[in-house]
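Beneath this line is the structure, given in structure tokens, with notes to follow.
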Amino acid sequence: TQSTWGFSEQLVLKAAGLLYSKMAQPLLYDCVWLQQFKYEAAEAQYQQLLAGTGGASAQPAATQSANQPQSSFLKSEIAQARQNIQKALTDGSKQSGSPAVDQQVLNRIKSLETENSTLKAASQDLTALVKKLEARVVALEKANTGGATPAAPAKAAAKDEDDDDDFDDLFGDDDDEESEDEETKKRLEAYNAKKSKKPTVVAKSSLLIDIKPWDDETDMKEMERLIRSIEIDGMLWGQAKLVPVGYGINKLQINAVIEDDKVSTDDIEDQVVAFEDFVQSMDIAAFNKI
């Protein structure tokens, strides 16, 4: 179809769409706040209303009449709060100056003074007692020192006499010294003989040995018999039992008591592992001193 200007309808629609896209697309990325002045005016009016300054004069009559009850309510609340504060302050001052409170404070002060005087008297008594004890200790020390003083010259005189005797006997016989040496030798011999007769304590240990076979076809009774056939000086076999390991295989768990000075675990392991057809490995499960 042809338009009044001689263009086809499709061409006209295409041109209109292109023009719209070019005009409207920049507005999508426009960051201008077109309604900013309205919000700023509303915010200023709200702040004036809160402050009680001329915000109400700029409003319509209906809005002013609606806001008057709210402002009067706020004023009454503020006045009531002021009255409550004034009343609380007045009541507090009256209570602080009441005779009952003053009497309680005086009673408390009197009780504290009484307690303080009692503590002072007790501390004075303790101080007097400590002084008495110190005087008594000093007197006892003086008495002990005076009693020991006369004995000191006597001991010194006896020591001098012994020194004189030793000096006089400097070139005498040595019979006394020889007799003392013989007596000392006899005592040493008797002590050594007595010590040799005492039984010596033998250190022993208890072992719990795990012996594992190669497979489930190993004859465990024969393996136990072979293990018990091991004889070592200072070792004694104990009880034994089969403990399941898994997959039908059991291990031999046997107890043994050994003397620590005669037997070592390495010696036992060497002889146990020597039965290669029956024994795969040996472990010490427990080692306890007796």
Side-chain angles (χ1 to χ4, degrees), residues 126 129-130 133-134 136-137 140-141 144 148 151 155 158-159 162-163 165-166 169-170 172-290:
L126 290 173
L129 182 60
V130 169
L133 290 174
E134 288 179 353
R136 188 174 180 182
V137 169
L140 290 173
E141 289 179 353
N144 292 331
K155 290 182 179 179
K159 186 176 181 181
D162 293 338
D163 294 338
D165 294 340
D166 294 338
D169 196 26
L170 181 62
D173 297 333
D174 295 335
D175 295 337
D176 295 337
E177 293 180 0
E178 292 178 359
S179 61
E180 289 178 0
D181 293 338
E182 292 178 357
E183 186 176 357
T184 303
K185 290 180 181 179
K186 290 180 180 179
R187 289 181 179 178
L188 288 174
E189 291 176 358
Y191 173 75
N192 292 329
K194 185 177 180 181
K195 186 176 180 181
S196 61
K197 292 180 181 179
K198 290 184 178 180
T200 58
V201 179
V202 179
K204 295 183 180 180
S205 301
S206 175
L207 303 180
L208 187 62
I209 304 172
D210 288 342
I211 303 172
K212 297 178 182 179
W214 288 103
D215 50 25
D216 57 342
E217 297 180 356
T218 303
D219 189 356
M220 301 302 293
K221 291 184 178 180
E222 180 65 17
M223 185 173 71
E224 182 181 355
R225 187 188 66 80
L226 294 173
I227 295 301
R228 290 185 180 277
S229 65
I230 299 173
E231 294 182 357
I232 301 176
D233 185 20
M235 185 184 68
L236 180 64
W237 294 108
Q239 296 180 352
K241 64 178 180 179
L242 298 178
V243 179
V245 178
Y247 304 101
I249 301 175
N250 296 324
K251 66 179 179 180
L252 178 65
Q253 194 173 76
I254 187 169
N255 190 14
V257 178
I258 63 172
E259 295 182 9
D260 297 341
D261 296 337
K262 296 182 179 180
V263 185
S264 66
T265 56
D266 294 335
D267 298 338
I268 299 173
E269 186 175 3
D270 293 340
Q271 297 196 31
V272 169
V273 177
F275 301 107
E276 298 178 353
D277 296 336
F278 295 88
V279 178
Q280 178 190 3
S281 63
M282 188 203 89
D283 297 321
I284 303 297
F287 190 100
N288 298 318
K289 294 288 185 180
I290 298 177

Determine whether I268 and I232 satisfy the following criterion, side chain to side chain contact (heavy atoms under 4.5 Å, CB included), listing intermediate values before the conclusion.
CA-CA 8 Å; I268 299 173; I232 301 176; 4.1 Å; yes
Run the side chain to side chain contact (heavy atoms under 4.5 Å, CB included) check on I227 and F278 step by step: do they pass?
CA-CA 10 Å; I227 295 301; F278 295 88; over 6 Å; no
Yes or no on side chain to side chain contact (heavy atoms under 4.5 Å, CB included) for N255 and S206, after CA distance, side-chain angles and deciding distance?
CA-CA 7 Å; N255 190 14; S206 175; 3.4 Å; yes
Report the C-alpha distance between I290 and V257 in whole Å, list the side-chain angles of each, state the deciding distance to 0.1 Å, and finish with yes or no for side chain to side chain contact (heavy atoms under 4.5 Å, CB included).
CA-CA 9 Å; I290 298 177; V257 178; 3.9 Å; yes
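For the side chain to side chain contact (heavy atoms under 4.5 Å, CB included) criterion with S264, the lone passing option out of D267, D260, D261 is D267.
Taken from NZ in K212 to CD in Q253, the straight-line distance is 11.0 Å, to the nearest 0.5 Å. Taken from CZ in R136 to CD in E141, the straight-line distance is 13.0 Å, to the nearest 0.5 Å. Between the CG atom of D215 and the OH atom of Y247 there is a distance of 15.0 Å, given to the nearest 0.5 Å. A distance of 12.5 Å separates CZ of F275 from CE of M282, quoted to the nearest 0.5 Å. For the atom pair CD1 of I211 and CG of N250, the computed distance is 13.5 Å after rounding to the nearest 0.5 Å. Distance check: L242 CG to L252 CG gives 6.0 Å after rounding to the nearest 0.5 Å.
A 4.5 Å side-chain heavy-atom check between I258 and K204 finds every atom pair outside the cut-off.
Minimum heavy-atom separation, G238 to I254: O-CG1, 4.2 Å. Heavy-atom minimum distance, V279 versus M223: CG2-SD, 4.0 Å. Contact detail for A285 and D210: the closest heavy-atom pair is CB-OD2, 3.5 Å.
For residues 219-240, the side-chain hydrogen bond (donor to acceptor under 3.5 Å, both in side chains) pairs, not counting sequence neighbours, are E222-R225, E224-R228.
In summary, R187 and E183 engage in a salt bridge, as defined by a charged side-chain N under 4.0 Å from a carboxylate O.
Scanning for side-chain contact (heavy atoms from CB on, under 4.5 Å) contacts around I249 gives P213, D216, with sequence neighbours left out.
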